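Throughout, a chain's letter reflects where its sequence line sits, starting with A, and its residues are numbered from 1. This is a predicted model, so every value here is computed, not measured.
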Amino acid sequence: MPESELQPRFLTALEVLTRHRVEFIVVGAIAAGLEGAIAATEDLDFVYRKTDENCERLAAALEGLDARYVDPLNRDIRPTFERLRDLRISLLKTNLGRLDALSEIGPKWSYEVLLPRSVEVRLGDISLWSLGLEAVIEAKEFANRPKDREVLPLYRAVLERRKQG
Amino acid sequence: MEAMPHESEPVYDDEFVERAVLDTGFAESDLIREHLSLPPIERLRRLEELSATLIILRNARERTPA
């Protein structure tokens with residue numbers, strides 16, 4: 001695919017979140033990719049810190065992305081401060097594609113639980129937290145959906161290679 | 001009689017898409033080594049490229065008559 005046709009939507013979404021000073025940790029396939037385990041994904045998943053201030057900032061960032069909940073009835077439901085504060089999972093479609101805003105993953109892993117298992121990553125002008133590959137694997141093992149099982153062999157192989165140095 | 005796709009149109013079936021994902025996403029060991037040697041911004045760029053390809057293939061499959 002010619003490079004000119006590719007819009008860096010994940011990077012742009014991460015820049016928007018960072019610009020709004022949202023406290024978040026990238027998880028899932030993007031986190032694995034940042035650790036070198038690169039596999040295709042359709043959505044950007046992140047865990048946000050569930051404080052009132054942060055939910056306000058996240059709601060503002062998502063408004064800028066024209067975010068709406070994925071809804072089988074195609075209703076126009078927006079991620080407000082209250083919804084982000086009260087819901088555990090917000091599956092969203094935005095003008096940059098699919099985005100999953102989560103207040104926890106796996107066995108009740110919140111932002112505070114995940115932060116010590118995350119690495120700080122520099123992407124151009126921005127710096128953000130991204131879940132380490134070992135924890136991504138544990139989360140995928142816990143979720144254990146077909147799409148999780150599909151990528152685990154690659155993730156484990158990359159982790160093994162990293163351990164070998 | 002069942003409608004056939006136009007001869008010049010590519011046909012993207014499940015097997016084609018799965019093969020494409022496997023070929024590009026589930027890397028051989030040399031590709032893993034290459035990805036690990038890249039800086040994070042370049043890893044993300046590769047992931048974006050791969051993901052965009054997946055979406056194009058899925059959309060094409062949805063448009064292709066069964």
Side-chain angles (χ1 to χ4, degrees), chain A residues 1-15 26 28-45 96-98 119-130 132-133 146-147 149-165, chain B:
Chain A
M1 177 185 315
E3 206 163 314
S4 57
E5 289 180 16
L6 180 67
Q7 183 194 15
R9 59 190 185 94
F10 295 140
L11 178 59
T12 306
L14 292 169
E15 286 170 343
V26 180
I30 308 271
L34 290 171
E35 291 273 82
I38 297 172
T41 183
E42 289 192 52
D43 45 28
L44 164 64
D45 300 347
L96 291 171
R98 282 288 311 273
V119 290
E120 195 168 11
V121 178
R122 183 104 201 143
L123 295 173
D125 295 334
I126 63 168
S127 183
L128 51 80
W129 291 100
S130 182
L133 185 55
K147 69 173 188 175
R149 291 195 293 271
E150 249 177 33
V151 293
L152 276 169
L154 170 69
Y155 289 6
R156 290 183 184 126
V158 173
L159 183 65
E160 192 58 34
R161 178 60 64 90
R162 286 169 61 108
K163 285 178 176 170
Q164 290 166 5
Chain B
M1 187 181 198
E2 196 176 342
M4 294 293 287
H6 190 277
E7 204 174 356
S8 63
E9 287 178 4
V11 177
Y12 301 106
D13 59 13
D14 283 352
E15 191 184 347
F16 177 90
V17 173
E18 293 309 317
R19 190 70 253 156
V21 173
L22 287 170
D23 287 348
T24 52
F26 289 80
E28 300 288 342
S29 59
D30 56 342
L31 193 50
I32 290 177
R33 193 165 44 243
E34 185 197 338
H35 287 164
L36 285 173
S37 72
L38 299 171
I41 187 87
E42 183 60 21
R43 291 174 184 169
L44 183 61
R45 196 190 68 75
R46 297 278 183 101
L47 189 149
E48 299 243 26
E49 197 174 87
L50 192 59
S51 302
T53 304
L54 174 73
I55 289 170
I56 289 167
L57 290 173
R58 285 211 173 132
N59 290 343
R61 182 179 59 179
E62 283 165 15
R63 285 197 303 268
T64 304

*Under the side-chain contact (heavy atoms from CB on, under 4.5 Å) rule, collect the residues that match up with A/E42, sequence neighbours excluded.*
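Once residues adjacent in sequence are excluded, the partners of A/E42 under the side-chain contact (heavy atoms from CB on, under 4.5 Å) criterion are B/L54, B/I55, B/R58.
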_Closest approach of A/A40 to B/S51 (non-hydrogen atoms, all atoms of both residues)_ = CA-OG, 3.6 Å
_Closest approach of A/R9 to B/E48 (non-hydrogen atoms, all atoms of both residues)_ = N-OE1, 3.0 Å
*asked:* I need the B/H35 NE2 to A/I38 CD1 distance, nearest 0.5 Å.
replied: 4.0 Å
Extract all donor-acceptor atom pairs below 3.5 Å that involve side chains of residues 29-37 of chain A and protein atoms in other chains or at least two apart in sequence.
from, atom 1, to, atom 2, distance (Å)
A/E35, OE2, A/L133, N, 2.9

*Are there residues of residues 120-127 of chain A that reach to under 4.5 Å of chain B by heavy atoms, and which ones?*
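Hits under 4.5 Å: A/V121, A/R122, A/L123, A/G124.
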*Set of residues satisfying side chain to side chain donor-acceptor pair (under 3.5 Å) with respect to A/R98, sequence neighbours excluded*: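 If we apply the side chain to side chain donor-acceptor pair (under 3.5 Å) test to A/R98, skipping adjacent residues, the hits are A/D100.
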*Can you list the steps and then say if B/I41 with A/L11 is a side chain to side chain contact (heavy atoms under 4.5 Å, CB included)?*
CA-CA 9 Å; B/I41 187 87; A/L11 178 59; 3.9 Å; yes
